[in-house]
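I have placed the structure first, in the form of structure tokens, so that the comments after it can refer back to it.
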Amino acid sequence: MSRFWSDHLARLTPYVPGEQPADSGLLKLNTNEHPYGPSPLALEAIRAATDERLRLYPDPESTALSQAIAAQNGVSIRQVLVGNGSDEILAHVFNGLFLREKRPLLMPDISYGFYPTYCRLFDVPFEWVPLAQDFRIRVADYLAPRPIAPAGIILANPNAPTGLALGLDDIAAIAAGNPDTAVVIDEAYVDFGAQSAVSLLAAHPNLVVLQTLSKSRALAGLRVGFAIASPDIIAGLVRVKNSFNSYPLDRLAQAGALASINDTAYFEQTRRAVIDARTRLSADLAALGFEVLPSQANFVFARHKVRPGKYLAAALREQKILVRHFDAPRIADYLRITVGTPDECARLIAALSAIINSAS
Ligand SMILES: *Cc1c(COP(=O)(O)O)cnc(C)c1O
């Protein structure tokens, strides 16, 4: 606390991201980064954009990149907004769509930790909707009549940290059942096995789809995310963006992201490699006595039948392997493990096997 702080700062609970260690000898399976690098064409485009043009401000609308995203998704450019990571777009969504008098935002009790953080920052009232015992989203919970319509519903699909995905029929039902509510689908992990709700946008103008280049495009360090929604929702988000930072993407990010979006072959090859490694990792964990949720993401969420999650995470850290453990209700027994290369997964399994078999 400082006497110079704004009044609301004491109320904030800042998001705590997974560790980014300086020690490069650590195996990072804790923040869902892609184990393979970005498209070589993206790196080439960033190098080619690195010249004296950096004295100029970048295109404030990231037109070429937005156009490529629109074309790839079969929507108009007026339905696309790019931002400095999807976390920034999320901030614009909270600010621009969810501040509706006292109407609450609904979200699962187990989901991405940034959602309640933004609620506190923007003073959005929210209600946690408990997931079922098996961590599935119960669609009926989002259709039940309420005294006041929610201001918004936000769902990560696949959900984090569970990795479980919702089908498009379920998303359509939630959107149709809440026609006066913005329904935001955070598709950070969609490319690893779920279906995108972009195809539902024409029929459901209250849907907002968020995607990022951080996970499936291996560009977490470049900070690029985007929203796809109806033109009037995007126009609202653009108003927020231009009231906050009119140049969210620098020149290098625009160049690299555009080349990455256009390199479909590399994208398909590397995402397939992660999906295949996930299948193997899930089976190997099960063989060690883990219960592994069926993941559609680039991580698995697993609980050992004997060893607590916190213990395993600490023991792995001693072996220089980082995984994510959440000391939170319902999930404290679990580990969230990012899918690495086959070699990295093998190193993890060997370490876990030694820990589990040696401990008394
Ligand atoms: C990683 C992640 C994000 C943030 O992505 P950035 O584009 O890197 O800001 C958003 N939502 C979920 C669920 C994520 O896991």
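For the numbers below, each heavy atom of this structure counts, side chains included, while hydrogens, waters and symmetry mates do not. Numbering of ligands and ligand atoms starts at 1, following listing order.
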| said: Any heavy-atom pair between the side chains of N30 and H325 that's under 4.5 Å? | reply: no
| field | Side-chain touch T338/T31, heavy atoms, less than 4.5 angstrom | value | no
| query | With a 4.0 Å heavy-atom cut-off (strictly under), which part of D87 contacts ligand 1: side chain, backbone, both or neither? | reply | both
| task | Answer yes or no for Y189: is there a heavy-atom contact with ligand 1 below 4.0 Å? | result | yes
| query | For S214, is the nearest heavy atom under 4.0 Å from an atom of ligand 1? | reply | yes
| request: Determine, for F192 and R271, whether the Lys NZ or Arg CZ falls below 6.0 Å from the six-membered ring centre while staying within 45 degrees of the axis. | output: no
Considering only heavy atoms of [X], which atoms of ligand 1 have at least one such atom less than 4.0 Å away?
{"X": "K215", "result": "1 (C), 2 (C), 3 (C), 14 (C), 15 (O)"}
{"X": "R223", "result": "6 (P), 8 (O), 9 (O)"}
{"X": "T212", "result": "5 (O), 6 (P), 7 (O), 8 (O)"}
{"X": "G85", "result": "7 (O), 9 (O)"}

| query | Measuring from I174:CD1 to L143:CG, what's the distance to the nearest 0.5 Å? | reply | 6.5 Å
| request: Dump the intermediate steps for side chain to side chain contact (heavy atoms under 4.5 Å, CB included) on I185 and L210, then the final yes or no. | output: CA-CA 6 Å; I185 309 299; L210 303 183; over 6 Å; no
| message | Between Q254 and L249 (side chain of the first, backbone of the second, donor and acceptor by atom type, cut-off under 3.5 Å), is there such a pair? | response | yes
